[in-house]
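To keep things clear, I will list the structure first and then write my remarks on it.
Chain naming here is simple, since letters A, B, ... match the order of the sequence lines and numbering starts at 1 in each.
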Amino acid sequence: MAEGRLYITTPIYYVNDQPHIGHTYTTVLADVLARYHRLFGYEVKFMTGTDEHGQKVQQSALARGLSPQQQCDEYSQRFKEMWSLFEIVYDRFIRTTEEDHKRTVQALLQKLYDQGDIFKHTYTGWYNVSDEMFISESDVTEEGKQSGRIIQVSEENYFFRLSKYQDWLARYINEENPDFIQPESRRNEVLGLLRQPVNDLCISRPKSRLSWGIEMPFDPDYVTYVWVDALINYISGIGWPDSPEFSYWWPDALHLIGKDILKPHGFFWPILLHAAGVGLPKKLLAHGWWTRGGQKEAKTVTKALAAQAPVRHIREMAADYGVGSIRYFLIREMTPGMDQDYSEEMIVTRLNSDLANDLGNLVSRVTKLVRQNFNSQVPAEKDCETDPRGQELIALANGLSDQVRTHAIDLKPNLAVDALIRYVRSLNVYLTECEPWSRVKQGDLGKRQAAFCLVVALKGLYRVAVLLHPVMPRKMEALLASLGCSIEKDGLNGQFLARDFPEAGTTVPGGDPLFPRIDWKAIEQKIQALSPIAPEQPKGKAGNDASLISIDQFRQLDLRVAEVLEAEKVPKADKLLKLKIRIGEEVRQIVAGVAEFYRPEEMIGKKIIVVANLEPAAIRGLESRGMLLAAREGNQLTLLTLENQSIASGSKVS
RNA sequence: GGCGGCGUAGCUCAGACGGUUAGAGCGGGGGUUUCAUAAGCCCUAGGUCAGUGGUUCGAGUCCACUCGCCGCUACCA
């Protein structure tokens, strides 16, 4: 009799990226939750996969002389290999280029079209090529226009009537299903979005511009675009609309996502489902980011950060510390929903403390004591002299199952792991109090007391190994084997929970240390010895001469030295400063978005570079005639100022 | 600026239906054991629970305000 069903998903990962710690965390978390649910009697279907359509895939395939499908096959395979390495067992790996997925997408589009939720509309506006998104006037940057990244387009496209269902979703989340989006802070964020006017969702691209996509069933000149392709995987993967599989698993669904994709999953996706007449998934869990020094880990890490603590790929860390240990760290250290800062030293500290010192060492001492003093045999009950603390620990071990189940089903595997390690510590304390190594030398009674003490530890370790198996499958299988419990790879099931292991007479084979202590100093030296951080490669497309400009084009810019005379904050704007500047004899006002980085009084007297011949604009109702130059990286910004303060304002810059 | 959240020991964080001496892990300091992976175990941090002012017999725990930080959003020529 099943406890219930769980259809658990990760986002499908875009095939333009290598798997990194973010992908890995989401997928490991899904795997761990799936395994816990199975262990506790749930029927589980776990799906992950890859998102394979879109402009960026088309472009990189082209650049590499491959077909888009070849590009997808290659990258998709990388994800599969990564998940295999990380001991992840999914029930389906879906790819959006698969036929059944395409059919589902088209069926859904047709349904929405037939009922009038999709309409055609001419849109004129700015388009960000690299993000594949239409953007608002305010997101247009000069730099973007210059580089050709932002272009103005006017084209007909299909739109989905998102706004029609906005109020419905707000009610659904706010009143009827307050648990739908977790954690609560993310739920509030979606409610915030829903309170504002929304634009209908553009869901197509003309084939003339993007051919790598799923054709609109009602218009062969168009393909559909990210939302009504990738998101649909969650239902196409279980056979919507006709397969009995679909009604079997839906809506017992849990979508795991990173907080960066909350909007499509918490806003667009529920509305698409509702419009299509499909019920919503039970839960959406948005977890936080792994950060380093407070910054989201990006593909290009700033040099400064890299210099003090070189960043190694999670795969390299797994090679040094073991896959199970990395899985343990990921699960133990992050509270789902919160960001978590980490460094490699933190990882080593955690692993040494919890796994090597507490758990691994306990296994060693217990198995060796049994082997040396009891001929590797688990003592029989009649040969044991019980003690109250030991009996209490056995009872606690049995209670661990409930504790772990509660936490796991509450989607807090970090707490489950914490409870297990606490228990391990209590076993270490018990051994120290009981001193079986002394008692065995103290005659028959002493030996019987030692026997019981070791039986308690063995029972406890068995329980811990079974309950920690979802987190570290291979490692816990090895631990069980060292206790004399043979188990096939991924062969754990609920019966192991019910079992009272070990029985008297079981042979305890022991084994090599499960979690060898990690020498951080050695690892640190190894990391330091790595090749110096390579300078960042410009991201521009290879051979893209269109991004070059002529000297004449450059000369069109009138760059001038200007002196800041006055500066003050613009009311009701966090990022704006109103500046009065002098260019030669001329005094003019500009508005600049630097208030986060410079206080008004810091600005006064500075000699800066401005673009003097920029057409005037009104920002927040204030006239701005010109633009100052500043360098920006991540969340740092610095003004271009003059080294030689004696250069006169108004001087030309070239 | 709007909405939401956070600010607790050196570090990472628990705790907050208001009620005895505010907790854990890690690190640091001291001690102890030898079964064990130089691991274990014991003791040790005296921290204005961001600040101020309230409510209350009594407030990290409720309210208001201030400061700092974060997220979403607006603005960033």
5'-most by nearest nucleotide on RNA chain B - F515(A) or Q196(A):
F515(A)

Where each residue is assigned the nucleotide of RNA chain B containing its nearest heavy atom, which of R332(A) and L355(A) is assigned the position nearer the 5′ end?
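Upstream on the strand: R332(A).
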
Give the stems involving RNA chain B, where a stem is 3 or more consecutive Watson-Crick or G-U wobble pairs (i with j, i+1 with j-1, and so on) under 3.5 Å.
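RNA chain B stems, ordered by first number: B:1-7 with B:67-73, B:10-13 with B:23-26, B:28-32 with B:40-44, B:50-54 with B:62-66.
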
How long is the line joining [atom1] of [X] and [atom2] of [N], in whole Å?
X       : N       : atom1 : atom2 : answer
D341(A) : rG71(B) : CG    : P     : 13 Å
F374(A) : rC35(B) : CZ    : P     : 15 Å
R350(A) : rU12(B) : CZ    : P     : 13 Å
I261(A) : rG71(B) : CD1   : P     : 18 Å
L427(A) : rA36(B) : CG    : C1'   : 14 Å
D418(A) : rA24(B) : CG    : P     : 13 Å
R186(A) : rC72(B) : CZ    : P     : 7 Å
D354(A) : rA24(B) : CG    : C1'   : 12 Å

B/S/- along nucleotides 38-43 of chain B (protein heavy atoms under 4.0 Å) is -SBSS-

At under 4.0 Å between heavy atoms, what does [X] touch on the DNA or RNA strands: base, sugar-phosphate, or nothing?
X       : value
P516(A) : base
L514(A) : base
M338(A) : sugar-phosphate

Side-chain donor/acceptor of [X] to backbone N/O of [Y], under 3.5 Å:
X       : Y       : answer
N174(A) : L191(A) : no
R439(A) : C434(A) : yes
Y423(A) : L393(A) : yes

If we take the [atom1] atom in both [N] and [M], what is their distance in whole Å?
N       : M       : atom1 : answer
rC49(B) : rG15(B) : C1'   : 10 Å
rC11(B) : rC72(B) : C1'   : 29 Å
rG4(B)  : rU8(B)  : P     : 22 Å
rA45(B) : rG29(B) : P     : 15 Å
rG27(B) : rG71(B) : P     : 31 Å
rC67(B) : rC76(B) : C1'   : 25 Å
rA14(B) : rG7(B)  : C1'   : 15 Å
rU44(B) : rC63(B) : C1'   : 39 Å

Pair E333(A), Y25(A) - check side chain to side chain donor-acceptor pair (under 3.5 Å), show working.
CA-CA 11 Å; E333(A) 206 72 6; Y25(A) 174 69; over 6 Å; no

Apply side-chain contact (heavy atoms from CB on, under 4.5 Å) to the pair R389(A) and C453(A), showing each step before the final yes or no.
CA-CA 9 Å; R389(A) 179 56 185 159; C453(A) 176; over 6 Å; no

Evaluation steps, side-chain contact (heavy atoms from CB on, under 4.5 Å), between L29(A) and I331(A):
CA-CA 7 Å; L29(A) 178 61; I331(A) 295 302; 4.0 Å; yes

Decide, for rG40(B), between syn and anti: a glycosidic angle within 90° of 0 counts as syn, anything else as anti.
anti

Would you say that more than 12 heavy atoms from the other residues, nucleotides or ligands in this model lie under 6.0 Å from the CD of E392(A), or not?
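Yes - once you tally the heavy atoms of other residues, nucleotides and ligands closer than 6.0 Å, there are more than 12.
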
Short side-chain N/O contact from K368(A) to OP1 or OP2 of rU37(B), under 4.0 Å:
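Checking K368(A) against rU37(B): at least one side-chain N or O falls below 4.0 Å of OP1 or OP2.
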
Any idea how F268(A) and W227(A) line up, ring-wise: parallel (<30°), tilted (30 to 60°), or perpendicular (>60°)?
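If you compare the ring of F268(A) with that of W227(A), the planes turn out perpendicular.
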
If we count only N and O atoms by modelled type, under 3.5 Å, do the side chains of N428(A) and R365(A) hold a donor and an acceptor together?
yes

With salt bridge (charged side-chain N to carboxylate O under 4.0 Å, His left out) as the criterion, how do D167(A) and R171(A) come out once you've worked through the C-alpha distance, each side chain's angles and the decisive distance to 0.1 Å?
CA-CA 6 Å; D167(A) 293 338; R171(A) 264 201 319 283; over 6 Å; no

Which residues satisfy the ring pair (Phe, Tyr, Trp, His ring centres under 6.0 Å) test with [X], sequence neighbours excluded?
X       : value
F329(A) : W290(A)
Y165(A) : H274(A)
F452(A) : none

For nucleotides 3-7 of chain B, print each protein N/O atom paired with a nucleotide N/O atom at under 3.5 Å, atom names and distance only.
residue	atom	partner	partner atom	Å
rG4(B)	O2'	N188(A)	ND2	3.4

